[in-house]
Amino acid sequence: MESFYLLLLVATVLVLVAAFSSLIAYRFGAPLLLLFLVIGLAAGVDGLGIEFTNNPLAYMLGSLVLAVILFDSGFGTSIQSFRLSAAPAMALATVGVILTSVFFAGAAALLLGLSWLEGLLLGAIVASTDAAAVFFLLRIGGIHIRDQVRSTLEVESGTNDPMAIFLTVALVEIIAKGQGLAGIDSGFLLLFVEEMGLGVIVGVLGGLMIAAVVNRFAADRGLAPIFVLALALLVFSFTGTIGGSGFLAVYVAGIVAGNRRIFAKETIRRFHEGLTWLAQIIMFLMLGLLATPSQFPAIAIPAILLALFLIFVARPLAVWLSLMPFNYTQQETSFVAWVGLRGAVSILLAIMPILGGLDDAQIYFNAAFIIVLVSLLVQGWTIKPVATRLGLIVPPRMGDVDKLEVDLPGTANHELISYRVAKGSAILQGERIPRWAMPSLVVRDGKSIRYQYAGRLRENDLVYLFIAPGYSRLIDRLFASALPVADDDADFFGTFAISPARPAKELDAAYGPGLLAPAEHAMSIAELIETRLAGRADYADRVRLGSIVLIVRTLDEHEAIAGVGISLEPVEPATTLPIFISFSEIFKRVRDYLAQRRQSRSTATAQDVVAPSNTVRENEA
């Protein structure tokens, strides 16, 4: 019994140390997950001497924790963000993972003396990005980038784990049976389709079930998060039992449930946010305890070289080839390539060769652990500087909003939201609350006042409003804090503004000719931008037309273009090398090159015609 209390004491102390160390990480900008991992290493067998070698327990507990993290990631992903980035993110999560594994395999075979198939296994182990690291750095790290780019990275990190897990498990089985490359056949592909297909189907049905059960049976807000957690784990375990990908299913279930009207949604969100933090701490501490740092020097140099190859060669090439069909700028593709942090999933998958009984299986674990450390050190510290260097930091649309959504009983047709009036907000500057919103109560200095008798709103007032579902974004801007005046806003959004309703041919007349295709002359500027962006414009999107750049400044409540800026400074390429460019950009460059060649030939032909004529005149003279 004393050993139980001692074990509990040590575990609690480690969790508290990790939680308190997060304050230091926030202050100095350190990657939190790296800090948790280092604490686990320091407490392990080569540090404080805590010996933990139970690989099956670590894998099972890690899988359970990963399921919780993936569900929370999906629950916090809006359906708009998913639709916006589904195609490129899925390309990265499937084709990108395979290409990364293939590119990495050759380098792993060369540096570690593995066979190509064994190198492919190590590539699959480290091919997926870490959802916890990416979500933390993008959502909490204060990095404001274009919605489609951020959503692509978040959805990719949530959906590429199932692909990496499938490849790892399948390759371990193939190598263990000694089948070699002959083991990769059509059955391999059918198994993949079966696992992913079941994962998506059960995930969608599971998400609908979670929302329905919670709305019907959870009468107490305290029980609602427990219902959701238990049902999410039910979806995960059931999908795995029938041969599907439980990780994909639980992520999809989170997206479906998180985007439906569900009882006590804010309570559920807060509970799972705290639970996810605890899950991340436990998983990284456990994986740190599992490692034996004294074994690292034997493969340190080749593992570090492999990490650098993954960061600077394999991941960028895989991302570029995967995103070629999509309309991403060179800077955006470069950033997606850089935000490829490896984390707990890679270390967790590195346990599989040990469980599969492969020869020298510890090499996979030690190599993966060093690669993760290098990735978190190199990429985790530099995400924001790289985004700034590439010019991708977008000035926020509005300041911070302090609001609380209050759940109404039953199937009410309104939402009750509480806003705190922020300093410098538009509501204090005289803007009025729309007529379709119904303000009910004002809490001022701890006293409640009916809105009709509250008079002019003051800073720090709490205002309670009833609104129709889905309209809170339109009210947010009234209560948001004032944005600081940024010196670079004019540089980002352009010095001049133009109405999006004006004819696009005016641009051709003012800055052309030759900026527009013949079919574009009849369009408005908004239609021109949407056409060039494949049908949908987003805040801060940029379209280059010859010597000018059109920038989307604002969107209206229907997500239509409401303001456009013009910059006379073209977007500088991320690199002069012909890399990280899309198919459309390649087509444009080829077209421009051919047009230049035709013009050069026409000029040369004209000069050849003029030259003999001059010679004849000289002879006659």
Side-chain angles (χ1 to χ4, degrees), residues 75-76 78 80 139 142 144 211 214-216 218-225 258-274 395-486 489 539 553-560 562-563:
F75 200 80
S78 69
Q80 292 83 2
R139 291 189 179 182
H144 298 280
V214 172
N215 287 335
R216 183 174 181 83
D220 191 320
R221 278 182 172 78
L223 281 176
N259 285 278
R260 296 186 67 83
R261 293 189 62 187
I262 187 170
F263 173 73
K265 178 178 283 190
E266 286 304 308
T267 304
I268 295 169
R269 197 185 303 277
R270 291 194 193 93
F271 173 84
H272 279 273
E273 183 178 351
R397 266 189 268 197
M398 62 183 182
D400 296 330
V401 180
D402 185 358
K403 71 175 182 179
L404 175 65
E405 298 182 13
V406 181
D407 293 302
L408 296 176
T411 57
N413 294 322
H414 286 80
E415 294 178 353
L416 177 57
I417 300 182
S418 166
Y419 286 95
R420 184 176 295 278
V421 180
K423 182 179 181 180
S425 57
I427 200 72
L428 292 179
Q429 308 303 319
E431 287 204 36
R432 302 181 66 86
I433 296 174
R435 292 183 178 180
W436 45 262
M438 296 175 286
S440 173
L441 191 69
V442 175
V443 178
R444 179 179 298 157
D445 298 328
K447 299 178 181 179
S448 59
I449 313 168
R450 291 181 64 182
Y451 179 78
Q452 294 85 341
Y453 306 129
R456 189 178 182 86
L457 293 176
R458 304 174 189 173
E459 185 182 341
N460 288 323
D461 280 355
L462 280 175
V463 183
Y464 288 81
L465 305 96
F466 289 96
I467 63 171
Y471 281 80
S472 63
R473 288 185 306 152
L474 304 180
I475 302 294
D476 287 351
R477 63 181 184 83
L478 296 178
F479 293 92
S481 60
L483 287 172
V485 178
D489 275 16
Y539 173 68
R553 287 189 169 199
T554 55
L555 300 172
D556 63 17
E557 62 271 18
H558 304 295
E559 298 297 317

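Worth knowing before you read on, the calculation uses all heavy atoms, side chains too, and leaves out hydrogens, waters and symmetry mates.
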**Prompt:** Does the side chain of V463 reach to within under 4.5 Å of the side chain of V421, using non-hydrogen atoms?
**Reply:** yes
How about P439 and Y464: do any of their side-chain heavy atoms sit closer than 4.5 Å? no
Under a 3.5 Å distance rule, please check whether S481 uses its side chain to pair with a backbone N or O of A422 as donor and acceptor. no
dist N215:CG -> F263:CZ (nearest 0.5 Å) comes out at 8.5 Å
Open item on the list: Contact between S425 and L457 at the side-chain level, heavy atoms closer than 4.5 Å - yes or no?
Closed with: no
So CG of N259 and OG of S78: to nearest 0.5 Å the spacing works out to 6.5 Å
Indicate yes or no: does R269 engage E266 in a salt bridge with an N to O separation below 4.0 Å. yes
Between the CG atom in L441 and the CZ atom in R450, the distance rounded to the nearest 0.5 Å is 9.5 Å
- Query: Side chains of I262 and I268: does their closest heavy-atom pair fall under 4.5 Å?
  - Reply: yes
Taken to the nearest 0.5 Å, the spacing of Y419 OH from L462 CG works out to 12.5 Å
### Message
Does any part of the side chain of I475, heavy atoms only, come nearer than 4.5 Å to the side chain of I417, both counted from C-beta?
### Response
no
NZ (K265) and CZ (R260) are apart, to the nearest 0.5 Å, by 9.5 Å
So the salt bridge (Lys or Arg N to Asp or Glu O under 4.0 Å) pairs with at least one residue in residues 419-447 (sequence neighbours excluded) are D402-R420, E431-R477, R444-D461
In short, ring pair (Phe, Tyr, Trp, His ring centres under 6.0 Å) pairs touching residues 438-459 with sequence neighbours left out are none
Value for CG (L465) from CD1 (I433), rounded to nearest 0.5 Å, stands at 5.0 Å
For T554 and G563 the tightest heavy-atom approach is OG1-N, 3.1 Å
